[in-house]
Amino acid sequence: MSTVVSNLKEEVCFDNLNVELTTLKKKLGEISGTLLNVFEHDVLVSQMLEYFDWLQEGKSEFYALYRSLIEVEPSLLRVVDLIEQELNEGMEESNVARIFDLIEDCTYASADFKLQALSVKNLFDTAIEFNEIFKDHMNALDTEIEHNLQRCFEIQQRKFSSPVRHTPSFTLDQLVTILSSSSGKDELKAPNLSTLDKELYDSYVELKSSIDPIERSLKDILLLRIKDFECRDVVNINYLCGLLEKKYMEILEKYEFLANELDDLKIELIDKRWNALFTNLNTELSCMLNDTDRLALKLETLGLSNRTKQKIIEQLGTKSKTIDKTFNIIYRALEASLLSNG
């Protein structure tokens, strides 16, 4: 039918109009009858998914046919303009009576066909949208979540060789250096006690960054698409929506499992390390405060030379700077909720 419509849209010869319109009328009738035979029967609920796959395979042919159908009316109007031009140039009306009859027949056939095609188009649109949600979007999300779960398990497997449960002892200066290196411009990062610690932390951060897009796609975009689909006027819509809801809940459960695994990973890689280091820090800080108290008492000793007093003051200054840095780190840890105020 597209060929006939294209011919009518172009500079068709007046002498060929009778043949072209007769062919168009015949094509409209044949295709309308074919659509009626193909789509008049109800589809069993159990066969809906296979039926939608079949519609998906034939979408290109149907939409090409539908676009040709949309062009029928403007093409017929162009033919009418051509006839009026011929009449104005002196052609007898009797010579175009048959053509006017064919135009009228094609107009009615096109109108009836369009009503039928709109119903079929709704079916195709529904099938395509359902498959895009059920297969393309949901399967892609499920695959991405599964991929990230495997990445999470790999990090968990590697962390067993990291000295998480056996944090080595450090002096207060060493602790301050480690904690300062873990303090970024805007946030506190995981303290890295080894090369493997850094590798695990970097892997965790990379994995964590993929979660927000997944959650947005799952809880915002996909959920909205499902709700929009529920508004479609098509047979078995409740069954189709039930399939979407069931699959959505399965993917959501898998995503929440992934989120929980990531939370556990954060506890192992970050929280426990901070806890161990600050426990060590508290012990070392307590010892250094006692040292400063003893140095302060020494300054009160009578008879000390100025040189000796200067040495004690220098020691006090060095320890005081370390203590100041320590408290700054503790304050930042409190702000970051790494430590409780108690």
Side-chain angles (χ1 to χ4, degrees), residues 31-32 34-71 73 110-150 152 207-263:
I31 298 174
S32 179
T34 300
L35 284 182
L36 185 62
N37 290 333
V38 172
F39 295 102
E40 68 176 346
H41 305 293
D42 293 332
V43 180
L44 296 176
V45 170
S46 60
Q47 299 176 345
M48 286 298 293
L49 296 183
E50 291 82 358
Y51 183 59
F52 276 7
D53 288 341
W54 177 75
L55 290 174
Q56 183 92 25
E57 292 175 0
K59 67 178 182 179
S60 298
E61 291 82 355
F62 173 78
Y63 285 124
L65 174 65
Y66 187 78
R67 286 192 295 271
S68 297
L69 177 61
I70 297 300
E71 293 297 324
E73 185 176 348
S110 174
D112 291 341
F113 186 15
K114 188 179 292 185
L115 288 175
Q116 181 185 357
L118 281 172
S119 176
V120 175
K121 180 178 180 296
N122 181 48
L123 188 58
F124 270 91
D125 291 345
T126 301
I128 291 170
E129 183 179 6
F130 178 86
N131 283 342
E132 286 178 350
I133 297 173
F134 191 78
K135 292 185 175 180
D136 299 342
H137 196 154
M138 287 185 161
N139 286 355
L141 265 178
D142 186 68
T143 299
E144 184 66 16
I145 292 171
E146 182 64 32
H147 173 67
N148 282 290
L149 267 175
Q150 296 307 314
C152 186
L207 178 58
K208 187 74 168 65
S209 66
S210 68
I211 295 304
D212 287 344
I214 292 176
E215 182 172 357
R216 186 163 54 252
S217 179
L218 177 63
K219 296 185 177 181
D220 295 336
I221 300 173
L222 178 56
L223 202 56
L224 181 61
R225 294 187 71 181
I226 293 175
K227 290 187 180 300
D228 287 344
F229 182 83
E230 291 173 352
C231 298
R232 280 198 168 273
D233 182 16
V234 67
V235 294
N236 298 324
I237 186 64
N238 291 334
Y239 171 75
L240 295 172
C241 290
L243 291 177
L244 293 176
E245 181 68 23
K246 181 176 182 294
K247 190 168 183 177
Y248 177 83
M249 294 306 297
E250 291 173 353
I251 296 174
L252 179 62
E253 183 176 358
K254 181 181 285 190
Y255 167 77
E256 290 175 344
F257 178 80
L258 171 61
N260 289 334
E261 288 297 301
L262 279 173
D263 288 341

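Atoms considered below: every heavy atom in the structure, side chains included; atoms not considered: hydrogens, waters and symmetry mates.
One N or O on the side chain of Y248 and one on the backbone of L218 form a donor-acceptor pair closer than 3.5 Å. Distance alone, capped at 3.5 Å, places no donor-acceptor pair between the N148 side chain and the I211 backbone. No side-chain donor-acceptor contact under 3.5 Å links S119 to the backbone of Q116.
A tilted orientation is assigned to the rings of W54 and F39, their planes being inclined by 30° to 60°.
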Working for side chain to side chain contact (heavy atoms under 4.5 Å, CB included), residues L240 and E129: CA-CA 11 Å; L240 295 172; E129 183 179 6; over 6 Å; no
Could you go through the side chain to side chain contact (heavy atoms under 4.5 Å, CB included) check for I128 and L55 one step at a time? CA-CA 8 Å; I128 291 170; L55 290 174; over 6 Å; no
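With rounding to the nearest 0.5 Å, the separation of NZ in K246 from CD1 in I251 is 11.0 Å. In this structure, CG in D263 is found 11.5 Å from CD in E256, a value given to the nearest 0.5 Å. Separating the NZ atom in K121 from the NZ atom in K114 is a distance of 12.5 Å, to the nearest 0.5 Å. The CG atom of L258 sits 10.5 Å away from the CD atom of Q150 when rounded to the nearest 0.5 Å.
Ion pairing between D212 and R216 fails under the 4.0 Å rule for side-chain N and carboxylate O. Under the 4.0 Å criterion applied to side-chain N and carboxylate O atoms, K254 and E250 are not assigned as salt-bridge partners.
Counted by atom type alone, D125 and Y63 present one or more donor-acceptor pairs between their side chains at under 3.5 Å.
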